[in-house]
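What follows is a single structure, written as structure tokens, with notes after it.
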Amino acid sequence: KPGDEVLLGMAENALVTGSLLVYMIPLVMLLLGALTGELLATQLGMDAELMPVVGGALGFVLVILLVRGVLHRTTIGLQMQPVMLRILAK
């Protein structure tokens, strides 16, 4: 009921998986995108300052959309939902 104190919990492996999906993978893709943008800029003679920024942003946005899709279409997202373990106080 509203106002009750409850204890929430979730599986430990879901917490680790969720942390990787939400923090590490987007960070890695941001860096890989920036590196790819820099390599393309030097190979194609484009703006060496703009391309890493565009590449990093593109990599970041694409992986965020991918992670969102994975969480909505698999049981990983369901495992990350907290569940009520018990009522502490009424």
Side-chain angles (χ1 to χ4, degrees):
K1 294 185 296 188
D4 288 352
E5 289 185 37
V6 296
L7 179 63
L8 298 176
M10 64 187 300
E12 187 176 328
N13 65 341
L15 185 62
V16 172
T17 302
S19 296
L20 283 174
L21 280 173
V22 174
Y23 295 109
M24 284 302 292
I25 294 174
L27 179 62
V28 168
M29 285 303 294
L30 173 74
L31 295 173
L32 285 176
L35 180 63
T36 303
E38 186 173 340
L39 291 173
L40 280 175
T42 57
Q43 293 293 322
L44 302 176
M46 301 172 88
D47 186 359
E49 290 183 15
L50 179 64
M51 288 305 289
V53 173
V54 170
L58 250 158
F60 183 75
V61 168
L62 289 175
V63 81
I64 291 296
L65 293 174
L66 179 70
V67 166
R68 184 174 175 220
V70 165
L71 290 177
H72 282 95
R73 291 189 181 93
T74 65
T75 60
I76 296 171
L78 294 175
Q79 292 171 357
M80 288 188 216
Q81 295 294 319
V83 293
M84 184 177 66
L85 299 176
R86 69 176 188 254
I87 298 174
L88 299 175
K90 291 187 179 198

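All values below were derived from every heavy atom in this structure, side-chain atoms included, with hydrogens, water molecules and symmetry-related copies excluded.
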Tracing side-chain contacts under 4.5 Å among Ile, Leu, Val, Met, Phe, Trp and Tyr outward from V6 reaches L8, M84, I87

Determine, using the 4.5 Å side-chain heavy-atom cutoff (strictly less than), whether V67 and V28 are members of one ILVMFWY cluster.
yes

dist E38:CD -> T36:OG1 (nearest 0.5 Å) comes out at 10.0 Å

Here the gap from R86 atom CZ to E5 atom CD, rounded to the nearest 0.5 Å, amounts to 12.0 Å

| message | Do L39 and L50 sit in one hydrophobic cluster, given that two such residues count as connected whenever their side-chain heavy atoms are within less than 4.5 Å of each other, even indirectly? | response | no

- Message: Starting from L40, can I reach M46 by hopping between I/L/V/M/F/W/Y residues whose side chains sit under 4.5 Å apart?
- Response: yes

Exactly one candidate in L20, L21, L15 meets side-chain contact (heavy atoms from CB on, under 4.5 Å) with T17; the answer is L21

Between P26 and V63 the two heavy atoms that sit nearest each other are CA-CG1, 3.4 Å

Taking every heavy atom of D47 against every heavy atom of P52, the minimum-distance pair comes out as O-CD, 4.5 Å

Heavy-atom nearest pair, M10 first then Q81, reads CB-O, 4.4 Å

Hydrophobic clustering (ILVMFWY, side-chain heavy atoms < 4.5 Å, transitive) - are V53 and F60 grouped together? no

Between A48 and A41, the two heavy atoms sitting closest are CA-CB, 4.0 Å

* Asked: Given the rule that I, L, V, M, F, W and Y join up when any side-chain heavy atoms are under 4.5 Å apart, are L58 and I64 in one cluster?
  -> no

